[in-house]
Novice: 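Pasting a structure below so you can have a look.
These values consider heavy atoms only, across backbone and side chains, with no hydrogens, waters or symmetry-generated copies.
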Amino acid sequence: MQWTLVIPLKPLARAKSRLADTAGDGVRPGLALAFAQDTVAAALACAEVPDVAVVTDDELARRELAALGARIVPDVPGGGLNAALAHGAAAVRRHRPGAAVAALNADLPALRPAELSRVLAAAAEFPRAFLPDAAEVGTTLLAATGGRELRPAFGADSRARHRASGAAELAPAGVDSVRQDVDTGADLRAALALGVGRFTAAVAAGLLIPGSGDSH
C-alpha cells in the first residue's frame with residue numbers, strides 16, 4: 001500500500017518551548033527545523049511513501065522542506081494541530097481521492113525508513129490505526145486507509161484518545177525510531193542515542209550533548 005504522509009509544523013519561533021533547559025531561544029527554531037528536515041527526508045526515503053505533505057505557514061520551513069521534496073500545504077485553518085492535520089488530509093484527497101493517509105509528527109529526527117515501512121505495513125491491516133510514542137502517552141503516527149477519515153486527536157493523552165476513537169493500537173517490534181519524538185532534553189538525548197539524521201546532528205553538535213555528533 002502506498003501512503004501520503006501529512007506532517008504538521010507550527011511556526012519555528014514558537015516550536016519546542018519544552019527544550020528550553022537544553023537549547024536557548026536562539027537555537028530552538030533551528031533545532032525544530034532540523035527535526036522536520038530529518039523526518040521528511042527519512043519519510044521520502046521509505047518505499048511506501050511517494051508523497052509527503054507538510055502543513056505549515058513558516059516561510060523558512062516551507063522553503064527548506066520543499067527543497068527536500070515535500071509538498072507544502074498552507075495552514076489555512078490556523079486552528080492548531082488537529083485542524084492542520086484534518087486540512088492536510090483533505091488537501092491530499094482532493095488530488096487523490098481514496099488515498100491512504102497517515103499523520104506523522106515532525107519531530108522524529110532518528111526516523112529510519114525501514115522502521116517506518118514496518119509501521120505502515122501494520123497500519124494497512126486496519127481502517128484506522130496509531131502508533132504510541134516512546135513515553136506510552138502520546139502518538140507519533142495516525143493512519144487511515146482509503147475512504148476512512150483520519151479523525152486526529154493529538155495533544156495531551158492522545159494515545160488514550162485515539163484508542164477511544166476506535167483506532168487500532170499498533171505494536172510492531174523494532175520501530176523505536178518512529179516512536180521517539182522530541183519534546184524535552186531527555187527525549188533529545190534518547191533520539192541522539194538512536195542516531196539522528198544529518199540535519200539534527202549538525203545543530204545538536206553545537207549544544208555539546210553527548211552523542212550529538214552521531215548520525216545515520
Side-chain angles (χ1 to χ4, degrees), residues 1-9 15-16 19 30-54 61 64-65 67-71 85 100-126 129-144 154 158-159 162 168-205 207 209-216:
M1 184 180 292
Q2 298 287 285
W3 296 82
T4 294
L5 300 189
V6 180
I7 298 178
L9 184 61
K16 297 300 159 195
L19 278 172
L31 201 53
L33 176 59
F35 294 165
Q37 288 172 301
D38 284 325
T39 301
V40 167
L44 286 170
C46 178
E48 292 81 10
V49 181
D51 186 32
V52 170
V54 176
E64 296 296 329
L65 298 175
L68 293 175
R71 175 154 51 103
L85 286 170
V101 297
L104 183 70
N105 288 9
D107 57 353
L108 298 169
L111 185 63
R112 304 290 201 278
E115 295 185 16
L116 179 58
S117 290
R118 287 198 285 276
V119 173
L120 293 174
E125 301 297 319
F126 302 96
F130 72 97
L131 184 74
D133 65 7
E136 304 281 2
V137 175
T139 302
T140 58
L141 180 142
L142 173 68
F154 286 83
S158 64
R159 179 188 185 187
H162 283 135
E169 182 169 327
L170 302 174
V175 296
D176 290 350
S177 77
V178 196
R179 300 183 64 199
Q180 188 57 67
D181 55 350
V182 177
D183 288 316
T184 66
D187 294 335
L188 179 55
R189 287 186 287 274
L192 290 167
L194 290 173
V196 295
R198 63 186 179 93
F199 295 101
T200 301
V203 178
L207 300 178
I209 299 172
S212 58
D214 299 334
S215 65
H216 62 76

Novice: Take E115 and R179 through the test salt bridge (charged side-chain N to carboxylate O under 4.0 Å, His left out) and record every step on the way to the result.
Specialist: CA-CA 10 Å; E115 295 185 16; R179 300 183 64 199; over 6 Å; no
Novice: Which heavy atom in A36 sits nearest to a heavy atom in L9, and how many Å separate them?
Specialist: CB-CD2, 4.0 Å
Novice: Are side-chain heavy atoms of V182 and F35 found at a separation under 4.5 Å?
Specialist: yes
Novice: Would you indicate whether the side-chain heavy atoms of L142 and L104 approach each other to under 4.5 Å?
Specialist: no
Novice: Considering non-hydrogen atoms only, spot the tightest contact between A106 and I7 and give its length.
Specialist: CB-CG2, 3.5 Å
Novice: Which pair of non-hydrogen atoms, one from L111 and one from A42, has the smallest distance, and what is that distance?
Specialist: O-CB, 3.3 Å
Novice: Would you indicate whether the side-chain heavy atoms of R159 and D133 approach each other to under 4.5 Å?
Specialist: no
Novice: Side chains of T39 and N105: does their closest heavy-atom pair fall under 4.5 Å?
Specialist: no
Novice: Nearest 0.5 Å please: distance from the CZ atom of F130 over to the CG atom of L170.
Specialist: 7.5 Å
Novice: Begin from the C-alpha positions of D51 and R71 and carry the test side chain to side chain contact (heavy atoms under 4.5 Å, CB included) through to its verdict.
Specialist: CA-CA 7 Å; D51 186 32; R71 175 154 51 103; 2.4 Å; yes
Novice: Quick check: closest heavy atoms across W3 and V101, and the distance to 0.1 Å?
Specialist: CZ3-O, 3.5 Å
Novice: Any carboxylate oxygen within less than 4.0 angstrom of a Lys/Arg side-chain nitrogen, looking at D183 and K16?
Specialist: yes
Novice: Measure the shortest side-chain to side-chain distance between V52 and L68 over non-hydrogen atoms and say whether it is less than 4.5 angstrom.
Specialist: no
Novice: To the nearest 0.5 angstrom, please state how far the CG atom of L116 sits from the OG1 atom of T140.
Specialist: 9.5 Å
Novice: Between L120 and V49, is the side chain to side chain contact (heavy atoms under 4.5 Å, CB included) condition met? List the steps.
Specialist: CA-CA 9 Å; L120 293 174; V49 181; 3.7 Å; yes
Novice: Using side-chain heavy atoms (C-beta onward) and a distance below 4.5 Å, is V178 in contact with L131?
Specialist: yes
Novice: Among L192, D187, V196, L188, exactly one meets side chain to side chain contact (heavy atoms under 4.5 Å, CB included) together with Q180. Which residue is that?
Specialist: D187
Novice: Between S177 and A110, what is the shortest heavy-atom contact and its length?
Specialist: CB-O, 3.1 Å
Novice: Verify the distance criterion only: is there a donor paired with an acceptor across the side chains of D38 and T200 at less than 3.5 Å?
Specialist: yes
Novice: Using the rule given for side chain to side chain contact (heavy atoms under 4.5 Å, CB included), can you reason through L19 versus L31, listing the C-alpha separation, both sets of side-chain angles and the distance that settles it, and then say yes or no?
Specialist: CA-CA 10 Å; L19 278 172; L31 201 53; 3.9 Å; yes
Novice: Contact between H162 and F154 at the side-chain level, heavy atoms closer than 4.5 Å - yes or no?
Specialist: yes
Novice: At their closest point, which heavy atom of E48 faces which heavy atom of P50, and how far apart are they?
Specialist: O-CD, 3.3 Å
